[in-house]
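Notes for the one structure printed next.
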Amino acid sequence: MSDIPSDRPHVCLVIPVYNEEEVLPVLLEALARFQASRTERVSVLFVDDGSTDGTVSCIQTDTSGMTDIRLISFSRNFGHQIAVTAGLHLCDADAAIVMDADLQDPPEVAGRMMDVWRDGYDVVYGRRLEREEVGWLQRVTAAVYYRFFRSFTEMDAPVDTGDFRLVSRPVLEAFRDLGEQQPYVRGLIAWLGFRQTAVDYVRPGRAAGKTKYPWRRRFDLALDGLASFSGKPLRFAMRLGLFISAGSFLGLVWVLFTKYVFETAITGWASLIFAAFFFGGVQLFFLGVIGSYLARVYDEVKGRPRYVIRSSWRSDTVDLGHGP
Ligand code: UDP
Ligand code: MG
């Protein structure tokens, strides 16, 4: 592709880290090997999402032969999606690859992404053929969710992909113009379009340490994704409301009919109680749906910065090669 420098392209690995001191030594070693194996300039941009363990000092001192590292630290924990967003904003390379710190997104696959990018694609995402690392419940819920998301939002969103992907410079620039407060990065990149393709891989388990994505956060991420790409839940609430009102109107007609025509009043309160609880539940649920959209609007209106950077650092052994 014409806008990839032909002499020595620069690819930056954007890695959000949150309390990852256990996995960092293994990661840094793997990255050093990866750097040495590539002809491109490979730099790393760590985004420290408010870690409270030794993550920062580990990156600054124990780089295990790695060069060309930048680290920015948030003032507190802002969340994985915000950390990825910041990394993409601050990346100054010809392409960025977003990957997890725990080696679940293997550098070898990143290398394949770089090859495909050089063939002329702008977005190369990792598609999980198999997931060795998670239990059946998570596997099934994730698979159902991705398909649901795709049909619900009517967007050409790839299924079975997380945030592990390469994006080219033009995509990075377009991404900067998206000012959403609660970004759902994989959705936004699908929304941007460009030439997209997949590389398939088997997702291994975490190299060390524990997941930073408990079920509650996973659930929030899923809801964020739906709410930021579709207004359908709101329309569904309206349709359901109309359907129930029409149904109960017919029910009322039937009750009056039996009373005045057949002169047999329908008795019993148990069914009434259940109906009241049921519709109370439906109403609360949709108040919640409306509330969550309202909360998003409120966040947008406040227009706060999405993240606050406490400090930034750069390793002194920077490969100045042919950076942009
Ligand atoms: N992460 C982050 N901020 C958070 C939670 C996670 O930056 O609040 C990082 C974490 O360090 C890792 C990546 O996001 O590099 C993915 O997290 P994790 O591997 O725990 O998620 P899982 O693979 O279990 O879904
Ligand atoms: Mg992980």
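Counting starts at 1 for both ligands and their atoms, following the listed order.
Contacts between Val17 and ligand 1 below 4.0 angstrom, taking non-hydrogen atoms only, involve the backbone exclusively. Residue-level proximity to ligand 1 for Asp102 is carried by the side chain, the only part with a heavy atom below 4.0 angstrom. In Asn77, the part holding a heavy atom less than 4.0 Å from any atom of ligand 1 is the side chain.
Heavy atoms of Arg217 approach ligand 1 to within less than 4.0 angstrom.
Between the side chain of Asp122 and the backbone N or O of Ser168 there is no donor-acceptor pair closer than 3.5 Å. With hydrogens and angles disregarded, a donor-acceptor distance shorter than 3.5 Å links the side chain of Gln104 to the backbone of Pro204. Side-chain N or O atoms of Asp53 include one that pairs as donor or acceptor with a backbone N or O of Glu21 at under 3.5 Å. In this structure a side-chain-to-backbone donor-acceptor pair under 3.5 Å is present from Asn19 to Thr52. Looking only at distances, a side-chain donor or acceptor of Arg165 sits under 3.5 Å from a matching main-chain atom of Gly162.
Short contacts between ligand 1 and Lys212, defined as distances under 4.0 Å to a heavy atom of the residue, involve ligand atoms 5 (C), 6 (C), 18 (P), 20 (O). Within the listing of ligand 1, atoms 13 (C), 15 (O), 16 (C), 19 (O), 23 (O) sit less than 4.0 angstrom from a heavy atom of Asp100. Counting atoms of ligand 1 from 1 in the listed order, those under 4.0 Å from a heavy atom of Arg218 are 24 (O), 25 (O). For ligand 1, the atoms lying closer than 4.0 Å to a non-hydrogen atom of Glu20 are 10 (C), 11 (O), 12 (C), 15 (O). Of all atoms in ligand 1, numbered sequentially from 1 with element shown, those under 4.0 Å from a heavy atom of Tyr18 are 1 (N), 2 (C), 3 (N), 4 (C), 5 (C), 7 (O), 8 (O), 11 (O). Of all atoms in ligand 1, listed by their number and element, those nearer than 4.0 Å to a heavy atom of Gln104 are 19 (O), 23 (O). Per-residue contacts place Pro16 under 4.0 angstrom from the following atoms of ligand 1 (heavy atoms of the residue considered): 7 (O), 9 (C), 10 (C), 11 (O), 12 (C), 15 (O). Annotation for ligand 1: atoms under 4.0 Å from non-hydrogen atoms of Gly79 are 3 (N), 8 (O).
Each of Asp92, Ile59, Val44 was compared with Arg70 under the side-chain contact (heavy atoms from CB on, under 4.5 Å) criterion, and only Asp92 meets it. If you run side-chain hydrogen bond (donor to acceptor under 3.5 Å, both in side chains) between Glu40 and each of Arg8, Arg118, Gln35, only Arg118 comes through.
Here's the thing with Ala101: one of its N/O atoms is less than 3.5 angstrom from an N/O atom of ligand 1.
Residue-and-atom listing of protein N/O/S atoms under 2.8 Å from the Mg ion (ligand 2), sorted by chain and number: Asp102 OD2, Gln104 OE1.
Using a cutoff of 4.0 Å between basic side-chain nitrogens and carboxylate oxygens, Asp224 and Arg296 are scored as salt-bridged.
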Which pairs of donor and acceptor atoms, one on a side chain in residues 106-113, lie under 3.5 Å apart (sequence neighbours left out)?
residue	atom	partner	partner atom	Å
Glu108	OE2	Arg112	NH1	3.3
Arg112	NH2	Asp200	O	2.4

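Relative to the six-membered ring of Tyr145, Arg147 misses at least one condition, a distance below 6.0 Å or an angle of at most 45° to the axis.
More than 12 heavy-atom neighbours from other residues, nucleotides or ligands sit within 6.0 angstrom of OH on Tyr213.
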_Trace of the side chain to side chain contact (heavy atoms under 4.5 Å, CB included) decision for Thr197 with Val123_ = CA-CA 6 Å; Thr197 189; Val123 176; over 6 Å; no
